Amino acid sequence: MALLAKAVRQRQNYLINELVPYGYFKSSNGRQLYELSLTELEQVHIQVKSNFGKQLGSGE
């Protein structure tokens, strides 16, 4: 079990480190990134990267 918890924490840290350069520090409901579950972080990560890609595609 400890191995799974370690892997989850590593993935959460990775996602947080990916989101911070995009200026994303809090969720839409005001919670800090470190307060979010892995699932929530994955969803935010996909949304932020998708929005960034759309901006690039539209030339903004």
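What you see is a predicted model; the values in this text were computed from it and never measured.
- The number of heavy atoms from other shown groups lying within 6.0 Å of NZ (Lys49) is above 12.
- Within the model, atoms OH of Tyr14 and CG of Leu41 stand 12.5 Å from one another, a figure rounded to the nearest 0.5 Å.
- Ile16 and Val8 end up in the same hydrophobic cluster when Ile, Leu, Val, Met, Phe, Trp and Tyr side chains are linked at under 4.5 Å.
- Looking only at side-chain heavy atoms (C-beta outward), Glu40 and Glu35 stay at 4.5 Å or farther from each other.
- Using a 4.5 Å heavy-atom threshold, the side chains of Gln43 and Gln47 count as separate.
- Hydrophobic clustering (side-chain heavy atoms under 4.5 Å, transitive across Ile, Leu, Val, Met, Phe, Trp, Tyr) groups Val20 together with Phe52.
- With hydrophobic clusters built from ILVMFWY side chains whose heavy atoms lie under 4.5 angstrom apart, Val48 shares a cluster with Leu38.
- Under a hydrophobic clustering in which Ile, Leu, Val, Met, Phe, Trp and Tyr are joined whenever their side-chain heavy atoms come within less than 4.5 Å, directly or via other members, Leu15 and Phe25 fall into the same cluster.
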